[in-house]
4 protein chains.
Amino acid sequence: MIAVLRHGTNEKQIQSLTSWLRAQGIDVHISKGSQHTVIGLIGDTSKIDADLLESLDIVDSVKRISVPFKSANRKFHPDDTVIKVGDTSVGGDVFTLIAGPCSVESMEQVGEIAKSVKASGATMLRGGAFKPRTSPYDFQGLKADGIEMLLEAKKQTGLPIVTEIMNANHLPLFEVVDVIQVGARNMQNFELLKELGRTKKTILIKRGLANTLKELLMSAEYVMAGGNENIILCERGIRTFETYTRNTLDLSAVPMLQELTHLPVIIDPSHATGVAKLVKPMAMAAAASGADGLMIEVHNDPAHALCDGAQSLTPEAFDELARAVRRVVEAVKEI
Amino acid sequence: MIAVLRHGTNEKQIQSLTSWLRAQGIDVHISKGSQHTVIGLIGDTSKIDADLLESLDIVDSVKRISVPFKSANRKFHPDDTVIKVGDTSVGGDVFTLIAGPCSVESMEQVGEIAKSVKASGATMLRGGAFKPRTSPYDFQGLKADGIEMLLEAKKQTGLPIVTEIMNANHLPLFEVVDVIQVGARNMQNFELLKELGRTKKTILIKRGLANTLKELLMSAEYVMAGGNENIILCERGIRTFETYTRNTLDLSAVPMLQELTHLPVIIDPSHATGVAKLVKPMAMAAAASGADGLMIEVHNDPAHALCDGAQSLTPEAFDELARAVRRVVEAVKEI
Amino acid sequence: MIAVLRHGTNEKQIQSLTSWLRAQGIDVHISKGSQHTVIGLIGDTSKIDADLLESLDIVDSVKRISVPFKSANRKFHPDDTVIKVGDTSVGGDVFTLIAGPCSVESMEQVGEIAKSVKASGATMLRGGAFKPRTSPYDFQGLKADGIEMLLEAKKQTGLPIVTEIMNANHLPLFEVVDVIQVGARNMQNFELLKELGRTKKTILIKRGLANTLKELLMSAEYVMAGGNENIILCERGIRTFETYTRNTLDLSAVPMLQELTHLPVIIDPSHATGVAKLVKPMAMAAAASGADGLMIEVHNDPAHALCDGAQSLTPEAFDELARAVRRVVEAVKEI
Amino acid sequence: MIAVLRHGTNEKQIQSLTSWLRAQGIDVHISKGSQHTVIGLIGDTSKIDADLLESLDIVDSVKRISVPFKSANRKFHPDDTVIKVGDTSVGGDVFTLIAGPCSVESMEQVGEIAKSVKASGATMLRGGAFKPRTSPYDFQGLKADGIEMLLEAKKQTGLPIVTEIMNANHLPLFEVVDVIQVGARNMQNFELLKELGRTKKTILIKRGLANTLKELLMSAEYVMAGGNENIILCERGIRTFETYTRNTLDLSAVPMLQELTHLPVIIDPSHATGVAKLVKPMAMAAAASGADGLMIEVHNDPAHALCDGAQSLTPEAFDELARAVRRVVEAVKEI
């Protein structure tokens with residue numbers, strides 16, 4: 001960590017600051033420029049509050065050199081993390097294709113979709129049982145019954161299941177789930193993250209609508225700090241001023257995250273765009289950018305879906321998407 | 001709700017759509033323009049999914065006419081809501097001044113600050129016992145002990161206390177708290193909001209970093225739908241591209257919310273700016289904009305605060321702020 | 001255009017509004033719902049100011065049905081526009097690869113880069129002669145001399161040249177340029193756009209940092225309204241809260257624009273990310289999303305470039321990128 | 001400027017970098033930490049491209065210590081700048097109230113509004129003669145005739161006039177104008193700024209929709225670098241995700257800019273909110289925040305205004321606003 005002192009700071013002030021730092025076990029290196037004195041903090045600076053330091057009268061600005069995430073950091077874990085999920089895995093050379101309805105609505109619905117997406121090449125089944133809805137008057141999901149139906153669909157197809165948790169108290173219900181999803185709105189629900197860190201389940205964390213990549217990694221760090229290193233990251237669009245699309249898909253997150261972390265990164269183009277006809281081109285772009293997989297909303301009857309119909313694909317459209325994505329994945333592998 | 005149909009839609013398609021709508025109890029009014037046919041949906045359209053409707057092939061776009069919040073809506077509740085909190089109240093003609101440390105650190109600290117802010121005119125004491133921190137390695141608060149210390153400070157000064165909840169399981173600990181705060185990161189933690197709707201406590205909801213005013217009102221609606229109408233709204237800055245300030249304080253939220261809802265609206269200029277010397281001018285501006293109150297971070301020793309030191313005021317600076325704000329509040333009343 | 005009237009509007013007010021509208025040549029269709037009366041405006045509503053209408057006391061909200069751009073609108077021009085540039089063309093089945101230095105620095109530099117990018121498959125040469133710099137103290141470009149050097153490089157390689165204009169008074173210097181670029185900061189310099197509309201040159205318009213796709217299309221419309229329909233659109237990243245990348249590349253702009261307009265759309269991943277190692281994955285993603293081409297910064301000695309060195313590729317890195325992109329373009333064609 | 005080197009950088013690489021820096025006249029100070037070596041650059045670093053330095057393989061990150069603006073910097077010019085405009089002035093102890101129509105439409109209109117806003121206490125008259133409109137089909141202003149009418153209104157009332165320039169070629173027409181406005185869309189039209197730097201006119205620069213405060217100051221610097229130091233800065237709302245208001249007024253810009261620069265700062269709440277009933281509370285808030293003045297849109301017949309009617313006040317509403325603002329300004333002075 002580096003602290004740049006204000007112009008005009010005197011010797012006594014500098015000494016007072018450095019002795020305060022040394023009292024906290026930090027070694028100090030002073031460097032005087034023509035206009036500014038710069039203090040280098042050497043040692044374990046993770047306990048030093050940069051904002052506090054910057055608030056001191058004599059300090060102009062502070063710069064943290066080392067990144068604040070450790071377990072998620074590729075520097076200390078250079079190899080890609082590959083996570084086993086049932087008979088399949090996520091990360092490394094595998095391209096993961098997760099598909100299914102926004103909400104589980106009935107056994108018939110989820111069973112039919114599961115069979116169809118499996119036939120098209122999906123490797124996991126997604127479906128919402130507990131649904132985060134902006135309005136308290138909107139459909140909130142089938143809850144425990146929804147998880148039962150997902151389980152039955154898994155039995156029928158062999159596809160591992162992914163579903164969202166909204167409350168740590170529901171964890172016993174999620175024992176049977178293969179991948180537990182933390183939604184964008186809960187990305188910084190730190191209490192939930194801590195609870196998930198105490199399990200051994202695979203956790204898929206979605207980036208919040210206004211969260212930086214660094215904050216996403218810090219949320220992964222919350223789970224990992226608890227001992228659970230089975231994390232999948234998911235970019236699903238951030239909030240900007242553009243209104244033609246529901247959110248703005250930040251695809252540069254893929255190579256950027258892959259440089260910063262060893263965890264797998266997947267893309268959800270359905271929520272990112274909110275527009276069915278943009279899902280296929282964005283899925284292809286995600287594959288070309290090097291993403292480890294995709295998460296796609298599929299509905300057998302979009303016109304009657306209970307939520308998010310606007311961005312769901314029909315099974316036929318998903319089949320086309322899956323074929324196109326496979327072609328791109330193959331082309332990228334050959335490069 | 002209005003649906004604009006695509007150019008070229010034929011009679012049969014229109015009939016199919018209208019009979020589907022009528023089957024859902026919606027009356028339909030058709031109006032043909034030179035280029036577009038427009039369908040007006042009459043009746044209870046709250047169950048109609050606008051996104052789904054817009055996703056249909058023959059529909060160009062959809063516009064919702066009625067707002068989706070009801071209990072929070074000023075239309076159905078024209079008078080300002082005034083909430084009793086201990087011997088004081090929030091909303092209406094009262095100007096509320098909440099002050100205290102970011103984190104409760106010790107009895108000595110919180111007791112001293114409580115006395116000092118009371119002397120300056122604060123009407124409530126704030127202090128964090130459970131702290132949402134971006135990093136799992138940062139100080140997470142004194143928890144139950146912190147609440148005990150706030151209670152003791154309340155006993156010493158008579159000031160009602162405000163503190164943040166992060167987990168509905170902690171509710172029993174919050175029985176003794178006067179105002180329960182939902183932080184920006186939990187604004188869309190719908191499970192928590194539902195639980196708070198089942199209590200009778202006063203709930204202060206902070207706007208999320210990337211949440212619209214409509215979403216803030218929908219989160220209030222979650223609590224109110226459960227039967228708890230004691231809600232205070234708080235604007236605390238939104239996330240933008242500007243980097244000189246931590247967030248961008250959206251003061252136009254004050255008059256805008258006051259038109260949309262009857263609930264009291266307060267401003268937190270400390271978190272909004274993240275810079276101590278901007279707190280006073282923004283507090284004065286908030287008072288002039290018509291806000292019902294302020295929430296200010298005060299620390300007796302900012303240089304040693306365990307969190308958010310950069311934006312905390314000394315007791316002396318808070319005293320100056322309180323005096324300046326009072327002058328503005330008086331001037332505004334005379335207008 | 002549709003105007004929703006406020007609840008409680010009386011007959012006399014409605015009549016006053018409709019006669020005012022009819023006086024402006026607009027036919028009016030009234031539809032009364034249970035809660036709201038809705039007025040449909042029929043005829044040429046392009047002269048009606050929606051904001052003004054919405055500001056009237058009795059009007060709750062207004063919705064424009066028809067889009068405000070005409071010449072750029074795919075509805076009235078369903079086929080892709082293909083623009084001839086020298087011996088090559090942009091749009092349709094062609095994939096355009098524009099490459100070159102951020103700034104032209106010397107004949108040696110630009111000549112060398114031109115030969116090298118041509119060998120790697122570039123179809124046009126880019127290079128800045130007039131440079132928009134945030135600081136008046138930064139290098140502002142070689143100006144007329146820079147254009148001379150680009151021309152000489154064109155003579156040596158046959159590559160058509162693309163360079164940015166900042167002032168309509170410089171137009172005579174740009175007579176010899178193949179494609180005139182309007183930079184992001186000048187996207188809404190309407191006076192410049194009007195002047196370019198009076199020429200017959202091909203104009204490449206970059207999306208502004210905070211401009212919507214609709215505004216980008218309106219800027220194209222400014223040029224087209226003057227009679228010049230040779231427009232290429234370019235997405236180059238928008239400004240968001242994320243700081244790891246300089247801007248956020250909005251790749252969903254590609255399929256979205258291709259639905260809205262017949263004009264070709266290219267991507268500039270160099271400026272969008274500001275980070276050299278993200279350029280190749282984003283270029284591949286752009287190709288997979290269906291973009292009509294790419295614009296890439298290449299420097300023979302990035303460590304000594306006079307501007308934007310951080311995002312420039314070496315000729316070797318560009319060669320690799322070009323090969324990878326070609327593979328993706330082929331894979332996409334087969335889909 | 002400080003450069004943090006990557007972990008693992010060897011002596012030879014460091015020497016190569018430092019001798020390159022020294023060749024550019026920069027003195028170098030090396031400080032080795034446990035994990036990182038840090039290089040301090042001493043001397044005139046304004047010519048060093050931070051992005052380029054950061055792009056070098058051995059450099060992890062770079063931090064600029066000194067700010068890049070000089071003439072606008074309060075450090076080198078501690079006293080407030082006060083600008084004489086006709087018989088009035090802007091900055092220092094004066095509170096400036098600029099009012100008038102969005103567009104000049106007729107002599108009758110502008111004359112009537114000028115008299116009325118003067119009676120309410122306005123100290124300058126604003127009015128658009130050249131109008132930047134998103135659509136080429138919208139009203140573009142009365143141009144030279146509009147300026148004539150403003151002049152006549154000045155003759156009638158004695159109010160100095162403010163109007164927007166869009167093209168440096170129009171400068172001769174602006175000789176008679178008291179304050180030349182650079183609109184938000186032209187804030188980074190560097191060619192225009194340079195031309196204005198060659199005049200002695202007072203220039204009012206509006207912050208761009210997506211521009212940081214630092215960029216606003218750099219644009220002021222462009223004019224000042226040419227020798228013209230008569231600059232007024234104006235915050236008029238930035239673009240965010242919120243849709244209830246047209247833009248988000250960033251009032252913290254007032255105290256922040258006042259710390260960074262000696263130039264006067266005014267607020268335009270009309271364009272910032274786009275909603276007439278938010279203008280008065282935001283004007284009061286601006287006054288309380290310490291702004292040097294306001295710029296307000298007033299129309300004698302908002303329902304027939306040719307542009308931006310939604311945000312214009314009637315003369316009566318402006319009179320009320322002016323009175324309220326005066327009360328706040330007085331209250332603030334006494335603090």
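The sequence lines fix the lettering, A, B, ..., with proteins before strands; numbering per chain opens at 1. Here the structure is a predicted model, which is why all the values come from computation and not from measurement. Atoms considered below: every heavy atom in the structure, side chains included; atoms not considered: hydrogens, waters and symmetry mates.
- Side-chain contact annotation: A:D250 with A:S252, donor-acceptor N/O pair under 3.5 Å present.
- Options C:R207, C:R239, C:E330 differ in how many heavy-atom pairs under 4.5 Å they form with chain A, and the most are formed by C:R207.
- Nearest heavy atoms, A:S71 versus A:H262: O-NE2, 2.7 Å.
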| task | Under the side chain to side chain contact (heavy atoms under 4.5 Å, CB included) rule, what do A:L216 and A:N211 come out as? Steps first, then yes or no, please. | result | CA-CA 7 Å; A:L216 173 59; A:N211 288 111; 5.8 Å; no

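- When each of C:V332, C:V328, C:T273, C:L278 is checked for heavy-atom pairs under 4.5 Å with chain A, C:L278 comes out on top.
- Proximity to chain C is absent for every atom of A:E215, based on heavy atoms less than 4.5 angstrom apart.
- Note: C:S289 leads C:A291, C:S289, C:A286 in heavy-atom pairs under 4.5 Å with chain A.
- Look at C:R74 and C:D80 and you find a salt bridge, because one of the NZ, NE, NH1 or NH2 atoms lies within 4.0 Å of a carboxylate O, short of that distance.
- Only the side chain of A:M282 comes within contact range of chain C, with heavy atoms under 4.5 Å apart.
- Using a cutoff of 4.0 Å between basic side-chain nitrogens and carboxylate oxygens, A:E320 and A:K280 are scored as salt-bridged.
- Using a distance-only test at 3.5 Å, with no hydrogens or angles considered, a donor-acceptor pair links the side chain of C:S219 to the main chain of C:M187.
- Proximity to chain A is limited to the side chain of C:T240, based on heavy atoms less than 4.5 angstrom apart.
- Taking the charged nitrogens against the carboxylate oxygens, C:K333 and C:D93 have no contact shorter than 4.0 Å, which rules out a salt bridge.
- When the candidates C:P281, C:A283, C:G237 are compared by the number of heavy-atom contacts under 4.5 Å with chain A, C:P281 comes out ahead.
- When heavy atoms are compared at a cutoff of 4.5 Å, C:T212 approaches chain A by way of both its backbone and its side chain.
- For chain A, no part of C:R326 is nearby; none of its heavy atoms comes within less than 4.5 Å.
- In this structure, the portion of C:E334 lying under 4.5 Å from any heavy atom of chain A is its side chain and not its backbone.
- Of the atoms belonging to A:A253, not a single heavy atom falls under 4.5 Å from chain C.
- Ion pair A:K214/C:E242 not flagged as a salt bridge, since none of the NZ, NE, NH1 or NH2 atoms sits closer than 4.0 Å to an Asp/Glu carboxylate oxygen.
- Considering only heavy-atom pairs separated by less than 4.5 Å from chain A, the leading option among C:G290, C:A210, C:A287, C:A331 is C:A210.
- Residue A:L249 touches chain C through its backbone alone, counting heavy-atom pairs closer than 4.5 Å.
- With a threshold of 4.5 angstrom between heavy atoms, C:R323 does not approach chain A through any atom at all.
- The backbone N or O of C:N189 lies less than 3.5 Å from no partner atom in the side chain of C:N186, so there is not a single donor-acceptor pair.
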